[in-house]
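Some notes on the structure that comes next.
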Amino acid sequence: VDCSYGVEMPNVFTPNGDGSTDLFRPVTLQGVSSISFRIYNRWGQELFQTNQLEAGWDGRTPSGRPVPAGTYFWVLETTAIKAPDSTTTNHGTVTLLR
């Protein structure tokens, strides 16, 4: 079994400044060459977007205001190193706790 590709996402994060789970980002991006990562609120408004492998969402709006505790939706598109011509889309929810 080829285990050279893997993506894992947490389901909870706490952007409270304690240095633990302050950012929502993939826990594992194994064998991934590029990403498109987006976060949405329940009304479908995009709150965060990045193409950087190490970047994460800090629980703020694009204007820098903290969002309320609750459930948010994410979409992560990845391109594997071994399959540069195809993209895999993962999606789910994350609970933000304050």
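Along the sequence shown, the residues carry numbers beginning at 1. All figures in this text were calculated on a predicted structure; none of them were measured in a lab.
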Side chain to side chain contact (heavy atoms under 4.5 Å, CB included) between V12 and T21, intermediate numbers included: CA-CA 8 Å; V12 174; T21 66; over 6 Å; no
Trace of the side chain to side chain contact (heavy atoms under 4.5 Å, CB included) decision for L96 with V67: CA-CA 9 Å; L96 183 152; V67 299; 3.7 Å; yes
Contact summary for Y72 and N41, nearest pair of heavy atoms: CD2-CA, 3.8 Å
Side chain to side chain contact (heavy atoms under 4.5 Å, CB included) evaluation trace for L97 with F13: CA-CA 6 Å; L97 300 176; F13 83 116; over 6 Å; no
Closest heavy-atom pair and its distance - G59, P15: CA-CG, 4.4 Å
Considering all heavy atoms, the nearest P26-L76 contact: CG-CD2, 4.1 Å
R25 (side chain) donor-acceptor with E54 (main chain) under 3.5 angstrom: yes
Same apolar cluster: L53 and I39, side chain cutoff 4.5 Å: yes
F24 and F37 aromatic centres sub-6.0 Å: yes
Stepwise side chain to side chain contact (heavy atoms under 4.5 Å, CB included) test for N11 and V94: CA-CA 5 Å; N11 59 0; V94 63; 5.6 Å; no
Distance-minimising heavy-atom pair for V27 and P10: CG2-CD, 3.6 Å
Flag side-chain contact, heavy atom, 4.5 Å: T78 against L29: yes
Closest non-hydrogen atom pair, I35 against Q52: CD1-O, 3.3 Å
Under 3.5 Å: donor-acceptor pair, side chain of T14, backbone of N16: no
Check: R38 side chain, E77 main-chain N or O, donor-acceptor pair, under 3.5 Å: no
Residue pair W74 / M9: nearest heavy atoms and the distance that separates them: CH2-CG, 3.5 Å
Between CD1 on residue I81 and OH on residue Y5, distance to nearest 0.5 Å: 10.5 Å
Any donor-acceptor pair under 3.5 Å from D22 side chain to G17 backbone: yes
